[in-house]
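Worksheet: the structure to be examined is printed underneath.
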Amino acid sequence: MLEFREVQNGVELLKNGKSIFEIKVGSRPVCVGFGKNEYKMSHGSFKIKEKASKPLPVVINSVELIDGIVIANSDEGSFTLSVLRGCHLNVKVSGFDNYNRLYIELPAEKDEHIYGTGEIFSEFDLRGKRVNCFVAEHINALQVGKKIVKQVFGLRDSQRKQKFSNYETYYAQPTFLSSKKYYFHSFATARTQFDFGKSERHLIIVDEIADFCFGFGEAFEDVVSDLSLTLGRQPELPDWVFNGEILGVQGGSETMMKKVDTALNHDMAVAGVWIQDWEGRRVTAVGKQLYWNWEHDSELYPELPSKIKELNEKGIKVLGYCNTFLAVEKPLYKEASEKGYCVKNKDGDDYYVTITTFPAAIVDLTNPDACRWLKDIIKKNMIDFGFSGWMADFGEYLPTDAVLFSGEDAELVHNTWPARWAKLNREAVEEAGKLGEIMFFTRAGFSETPKYSTMMWNGDNHVDFSIDFGLPSVIPAMLSLTCCGFGLSHSDIGGYTTFFNLKRSEELFMRWCEMNAFSPVLRGHEGLNPDLNAQFDSSEEVLSHGRKFSNIYKSLKPYLKEAVRYNFEKGVGVVRPLFFYYDEEKAYTECYEYLLGRDILVSPVIRPKASSKKVYLPDDTWIHLWSGKEYTSGEYDIPAPIGEIPVFIRKDSTFKNEFIKLKNI
């Protein structure tokens, strides 16, 4: 419980009766400064050069406690501190009009661990790291180029990490969770930098004078629950999502129906089929990509409405795809351009950005008329058309020198773009009266994304076992999102990015499938170059494996629905880190195992050609799913042939008897 108490010349903040912070006359709680950034964007990746003045300490000259609210004044601005919900400290910053940099130092402890700042793929515990919190492509052109060279010359080192100072992510959020059971969040929209490299302090640099807050709790569930109240929570997923695998399919109506029949003939549990190329497909030097014109391509998908109806009658939903761009060759762009609905450059022309090998225009999400226009397209061409969901892709590409309809500074709007995109999709679903029936999933994110998106997916992962971009990377990504208050995320079965000899093996596909069967959503993707990749129907072995794990996922429906409901009600993610419940040093650093809900521990196989895996089990009694053998805490070498991902059930689980049946599927 937080409360303020007056002391000589100031006020102190108490947590359960213990002083944790003081603000007094003469104290210097933060620094301010002025700076200017220069941005260079290439394919969604940003190089940022900064020129900044020396930070100036803010000296407090008066402190008052009035009706439970603290007002601390300095010569150029003030701070208003208030306690909400008994566990939340809100800090409102006013004034400081001559500055655009805020420097906040927080005390740190040597044994402290730090998580969050968005979706982090190659690390989980960020202690000792510096993080540049700015929305961008996770897999930038330079990184892909290096990867291509390694792949072509056979220099694969799947366990080597990239240099973290070059790190970028689709989903950046100025939030961190501490192992000391508190979180920090900045309400800034500008870039935020976090320096967790010092043993005695954490440094936060915000490129904007902005409010911030802290949340505290006696348990980690309490802390993330307060964070999710601050940012917003995701609704429960539609019931149909849990009925099996959502098959990733491309290539037209005939191909779609044949592949669904193949899955059903092999007794796979099929919840849906996702056809990302429903609006048309273009073939580029990169691979089989899409025509970004949000209208049904009747040539590629003839009679699609009747096919959707036919599949729905079998209990199978159909999902599509859309994003924030418009293909400049297509009719919707012409209409949007004539109406002034696109983001402009400094010359007043539509701002084209290059995504892979082709240019595209961006719908201006600060223009209310443009938003209504695009929402109506989604409602008519997707929802009324019969889709039960879609991938709401991108959101990272707003140039910082763009000219927006609203007149806002694009540098300050850039990070908010993915949240605005999620909001538009959410409003389309709600206005159609379909919330609870439709699921859309987003790639990019920022602070308001948890409030609007119904599901995240972990982006364009490589079709390999590499630590930074492949199968292993999605585990810390899901965990870090949970620590940021976004509790529903999943990944493409088998990954996406394919080039040269980087192509998906059957082994990788099956390992990814068995991991995703123990996640909120089981959804496939054919990948960037489908012909190079193993698919769900590549062989009888893969089909048999898919039958097993799609039915395991379906059998987990009651448990998963309860975990998703708990996320909606309490804000505690479905995929959870071990330290949420186990105060053990190993639990604070383990990033390749996770808890699915409270009772299932999952330890995916993250190396190729592995037949066993060393598994850490925290202090509890665990039942190995496949053998039924009981284990207590410790590290064990667990057999892990394909089809037997290391999964353990907490012995005290009320679902235990239902879980034990899974091994017989």
Side-chain angles (χ1 to χ4, degrees), residues 237-238 240-264 268-281 287-292 294 296-297 300-301 304-305 307-312 314-323 378 381-383 385-394 425 429 434 437-443 453-461 463 488-496 504 509 512-513 516-517 519-530 533 535-537 546 549-550 553-554:
L237 294 171
W240 62 264
V241 170
F242 305 101
N243 289 336
E245 184 173 336
I246 300 172
L247 303 175
V249 174
Q250 301 179 66
S253 297
E254 183 179 355
T255 298
M256 175 182 71
M257 300 305 288
K258 283 183 177 179
K259 285 183 173 285
V260 170
D261 286 343
T262 296
L264 295 178
M268 288 181 63
V270 180
V273 55
W274 173 53
I275 49 171
Q276 66 164 2
D277 58 348
W278 72 280
E279 79 286 6
R281 183 169 65 182
K288 292 181 178 178
Q289 297 185 266
L290 310 174
Y291 264 120
W292 295 340
W294 316 120
H296 168 218
D297 185 332
L300 183 61
Y301 281 92
L304 183 56
K307 300 299 183 186
I308 291 174
K309 184 178 180 181
E310 180 182 340
L311 290 170
N312 285 174
K314 295 179 180 180
I316 297 171
K317 303 297 184 179
V318 180
L319 296 84
Y321 174 97
C322 64
N323 64 40
I378 292 174
N381 294 354
M382 299 182 73
I383 297 175
F385 189 74
F387 287 137
S388 297
W390 57 85
M391 175 183 283
D393 204 358
F394 287 102
N425 284 267
V429 173
K434 296 291 187 178
E437 299 177 39
I438 283 176
M439 171 191 70
F440 66 89
F441 40 104
T442 49
R443 180 177 84 164
S453 181
T454 63
M455 166 65 69
M456 294 301 300
W457 107 95
N458 303 130
D460 297 344
N461 317 109
V463 291
L488 299 177
S489 62
H490 74 295
S491 60
D492 302 325
I493 299 173
Y496 169 78
R504 182 195 294 160
F509 187 88
W512 214 309
C513 180
N516 284 14
S519 78
V521 173
L522 182 63
R523 179 186 57 81
H525 197 318
E526 288 200 335
L528 181 57
N529 281 288
N533 289 329
Q535 307 295 350
F536 80 89
D537 56 353
F549 282 95
S550 63
Y553 174 80
K554 182 178 180 179

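Please read these numbers as outputs of a predicted model, since none were measured by experiment.
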Which pair of non-hydrogen atoms, one from Ile316 and one from Gly272, has the smallest distance, and what is that distance?
CG2-CA, 3.7 Å
Rounded distance (nearest 0.5 Å) linking atom CD1 of Ile383 with atom CD of Glu437:
10.0 Å
Is the distance from the ring center of Tyr496 to that of Trp457 below 6.0 Å?
no
Spacing of Asn529 atom CG and Gln289 atom CD [to the nearest 0.5 Å]:
9.0 Å
For Met455 and Pro520, which heavy atoms make the closest approach, and how far apart are they?
CE-CB, 4.1 Å
Please find the pair of heavy atoms, one from Val249 and one from Lys259, that lie closest to each other, and give the distance.
CG1-CD, 3.8 Å
Nearest 0.5 angstrom please: Asp492 CG to Arg504 CZ, how far?
8.0 Å
Indicate yes or no: at least one non-hydrogen side-chain atom of Leu488 is less than 4.5 angstrom from one of Thr454.
no
Are Arg523 and Ile493 packed together at the side-chain level, in the sense that at least one heavy-atom pair is separated by less than 4.5 angstrom?
no
Does the Trp274 side chain pair with the main chain of Gly524, one donor and one acceptor, at a distance under 3.5 Å?
no
Quick one: side-chain hydrogen bond (donor to acceptor under 3.5 Å, both in side chains) partners of Ser489, sequence neighbours excluded?
none
Set of side-chain hydrogen bond (donor to acceptor under 3.5 Å, both in side chains) partners for Asn461, sequence neighbours left out
none
Measuring from atom CD1 of Ile246 to atom CG of Leu522, what distance do you get when rounded to the nearest 0.5 angstrom?
8.0 Å
Across all chains, not counting sequence neighbours, the salt bridge (Lys or Arg N to Asp or Glu O under 4.0 Å) partners of Glu310 are none
For Phe509, ring-ring contact (aromatic ring centres under 6.0 Å, His included) partners two or more places apart
none
Kindly write out the residues that satisfy ring-ring contact (aromatic ring centres under 6.0 Å, His included) with Phe536, not counting sequence neighbours, or none if the list is empty.
none
Under the salt bridge (Lys or Arg N to Asp or Glu O under 4.0 Å) test, which residues partner Lys554, sequence neighbours left out?
none
Heavy-atom nearest pair, Ser491 first then Trp512, reads OG-NE1, 2.9 Å
For a 4.5 angstrom cut-off between non-hydrogen side-chain atoms, does Met439 reach Val521?
yes
Among all residues two or more places apart in sequence or in another chain, which pass the ring-ring contact (aromatic ring centres under 6.0 Å, His included) test with Tyr301?
none
Run the salt bridge (Lys or Arg N to Asp or Glu O under 4.0 Å) test against Arg443 and tell me which residues pass, sequence neighbours left out.
Glu137, Asp393, Glu396, Asp460
For Thr442 and Ser453, the nearest pair of non-hydrogen atoms, with its separation, is OG1-OG, 2.8 Å
Listed by chain and number, what are the side-chain contact (heavy atoms from CB on, under 4.5 Å) partners of Pro530, not counting sequence neighbours?
Gln250, Lys288, Glu526, Gln535
Are any non-hydrogen side-chain atoms of Asn323 and Leu290 less than 4.5 angstrom apart?
no
So among Trp294, Tyr321, Phe387, which one has a ring-ring contact (aromatic ring centres under 6.0 Å, His included) with Trp278?
Phe387
Let me confirm one number: the CD1-CG distance from Ile438 to Asn425, rounded to the nearest 0.5 Å.
10.5 Å
Using the side-chain contact (heavy atoms from CB on, under 4.5 Å) criterion, which residues pair with Ser388? Sequence neighbours excluded.
Trp240, Lys317
Could you pull out all residues at least two apart from Lys258 that satisfy salt bridge (Lys or Arg N to Asp or Glu O under 4.0 Å)?
Glu254
Testing the basics here: between Gly546 and Met268, what is the closest heavy-atom pair and its distance to 0.1 Å?
C-CG, 3.9 Å
His296 and Phe385 aromatic ring geometry - parallel, tilted or perpendicular at 30°/60° bounds:
tilted
Ring geometry between Phe441 and His490 (parallel below 30°, tilted from 30 to 60°, perpendicular above 60°):
perpendicular
Asp297: partners by side-chain contact (heavy atoms from CB on, under 4.5 Å), with sequence neighbours left out
Glu299, Leu300
